[in-house]
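Read the structure below first, then the notes.
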Amino acid sequence: MIRQANKYDKTEIIEMMQAFRIESGIPQFQGLDNPEYWNQLLLQIFAGRGVVFLSEGKGLLMGLITPSLWCNKHFVLNELAWWVKPEYRKGIVGYKLLKKYIEYGEKLKQEKRILFYTLSKLSISPSIDYAKLGFTKLDENWIQ
């Protein structure tokens with residue numbers, strides 16, 4: 001079952017995010033740990049500045065609502081992490097998490113709380129045709 005996470009899920013979320021960080025393969029993030037920051041970030045998300053969809057013990061999809069680059073009166077929902085434990089990746093957990101995120105993003109757009117929502121793809125992510133889900137490729141990120 002996919003549900004919206006709450007403050008009682010903080011420990012599980014942080015553990016999954018630590019596993020996501022290790023698996024991401026981004027050397028600059030390895031070894032970074034700041035529990036105080038994570039508590040603050042999750043409190044902001046649970047207070048309405050974002051969302052975490054959770055499949056208990058299996059995976060999560062996390063998004064943060066931020067002002068747009070061009071105007072602080074217009075907001076964007078940015079996906080921060082979409083991660084599923086390796087043993088559940090051949091199933092439908094990842095798809096169900098993504099579906100909830102899309103439904104949530106569409107709801108926020110209809111309510112005019114956001115202009116749009118984003119989805120990221122790491123170089124290690126599986127090849128998924130996001131266009132079939134209604135997304136448009138806008139850019140690529142590179143790191144040095």
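This structure is a prediction, so every number in the text was calculated from the model and none was measured. Any value given below was found using the heavy atoms of this structure, including those in side chains, with hydrogens, waters and symmetry copies removed.
- Side-chain contact between Ser24 and Gln30: present, with at least one pair of heavy atoms (C-beta onward) separated by less than 4.5 Å.
- Counting non-hydrogen atoms of other residues, nucleotides and ligands closer than 6.0 Å to CG of Leu43 gives a total above 12.
- Counting only residues at least two apart or in different chains, ring-ring contact (aromatic ring centres under 6.0 Å, His included) contacts with residues 51-80 comprise Phe53-Tyr104.
- At a threshold of 4.0 Å, the pair Lys58-Glu87 does not count as salt-bridged, since none of the basic side-chain nitrogens sits closer than that to a carboxylate oxygen.
- Looking at heavy atoms from C-beta onward, Ile13 lies in side-chain contact with Met62 at the 4.5 angstrom threshold.
- Between Glu12 and Lys7 there is no salt bridge, since none of the side-chain N atoms of the basic residue sits less than 4.0 Å from a carboxylate O of the acidic one.
- Residues Lys85 and Val93 have side chains not in contact (no heavy-atom distance under 4.5 Å, counting atoms from C-beta outward).
- Checking Ile102, Ile92, Leu61 one by one against Leu97, the side chain to side chain contact (heavy atoms under 4.5 Å, CB included) holds for a single residue, Leu61.
- For the side chain to side chain contact (heavy atoms under 4.5 Å, CB included) criterion with Thr118, the lone passing option out of Leu77, Leu80, Asn78 is Asn78.
- Glu79 contributes a side-chain N or O that, together with a main-chain N or O of Trp82, makes up a donor-acceptor pair within less than 3.5 Å.
- For Phe46, there are no ring pair (Phe, Tyr, Trp, His ring centres under 6.0 Å) partners, not counting sequence neighbours.
- At least one donor-acceptor pair closer than 3.5 Å links the side chain of Arg49 to the backbone N or O of Ile65.
- Other residues, nucleotides and ligands place more than 12 heavy atoms under 6.0 Å from the CD atom of Glu111.
- Grouping the Ile, Leu, Val, Met, Phe, Trp and Tyr side chains by contacts below 4.5 angstrom, directly or via other members, places Ile14 with Tyr37.
- Not a single donor-acceptor pair under 3.5 Å links the side chain of Asn39 to the backbone N or O of Glu36.
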